Amino acid sequence: DHVTRTQGGDPGQPRSVGHGIFCSLAAWAATSDQKYLARARQIVEKGEQHQDRSNGGMPYPSNFTFQGGIVGEAYYDWVYATGDQKAAQYTQRLADWMHSTYGDDLGVTVGMATMLFGAAYDYTGDPKYLKLGVNELEKWPLKGMGGRGLKAFAQVHRASKRFLWMLAV
């Protein structure tokens, strides 16, 4: 209860939006208590409002694209659980914003962006998102892990599996 009540409200720290959605959905799945689904909806709406004020994106003061990727993954789980097509559109907007803002320089945590492109592809069927995701999968070993070690390695491997799962669903 504490985490779902206190986390997920700071779009200035985009991952907190994603983590709040993940946590609330997990609590809902474990208990079937609708208060957790309602909390997840509040966080999704807060994220969408922030995107509306930010040209569709989730700006963060550095090129850590994993922050936006976490939000996109959480939106994907929300859409998967609820069928909320509005959130699917915000996921696509986030993917578009990330690509237009960062282009091919998605930072060392490219795996999270890969998941975001996979979600956008799953929703739209637009091959540009498939291409963006595959391009990231192909180049991440060449970028190295930026000295980030195991955490970055794990993020990319987790994201690449989830990206491929999104293509198969």
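It should be emphasised that the depicted structure is a prediction, and the values quoted were computed from it without experimental measurement.
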What distance do [X] atom [atom1] and [Y] atom [atom2] have between them, rounded to the nearest 0.5 Å?
X: Asp77; Y: Ile21; atom1: CG; atom2: CD1; answer: 9.0 Å
X: Phe117; Y: Leu130; atom1: CZ; atom2: CG; answer: 11.5 Å
X: Thr82; Y: Trp28; atom1: OG1; atom2: CH2; answer: 8.0 Å
X: Leu94; Y: Gln89; atom1: CG; atom2: CD; answer: 13.5 Å
X: Arg93; Y: Tyr75; atom1: CZ; atom2: OH; answer: 9.0 Å
X: Leu116; Y: Met98; atom1: CG; atom2: CE; answer: 5.0 Å

Can you see which heavy atom on [X] is nearest to which on [Y], and at what distance?
X: Trp97; Y: Asn55; answer: CD1-O, 3.7 Å
X: Tyr129; Y: Thr124; answer: CD1-OG1, 3.5 Å
X: Leu25; Y: Ala81; answer: CD2-CB, 4.4 Å
X: Gly57; Y: His50; answer: O-CD2, 4.2 Å
X: Ala87; Y: Val44; answer: CB-CG1, 4.2 Å
X: Pro14; Y: Val71; answer: O-CG2, 3.1 Å

> Taking atom types as modelled, is there a side-chain donor on Tyr90 or Asp84 under 3.5 Å from an acceptor on the other?
Replying inline: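 No, no side-chain donor-acceptor pair sits under 3.5 Å.
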Taking C-beta and beyond as the side chain, do [X] and [Y] meet within less than 4.5 Å on heavy atoms?
X: Val79; Y: Gln85; answer: yes
X: Gln42; Y: Lys46; answer: no
X: Leu37; Y: Trp78; answer: yes

> Given the side-chain rings of Tyr123 and Tyr76, with only the six-membered ring counted for Trp, is the space between their centroids under 6.0 Å?
Replying inline: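 That pair passes the under 6.0 Å test.
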>> If the threshold is 4.0 Å, N to carboxylate O, is there a salt bridge linking Lys128 and Asp96?
In response: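 The answer is yes: the pair qualifies as a salt bridge.
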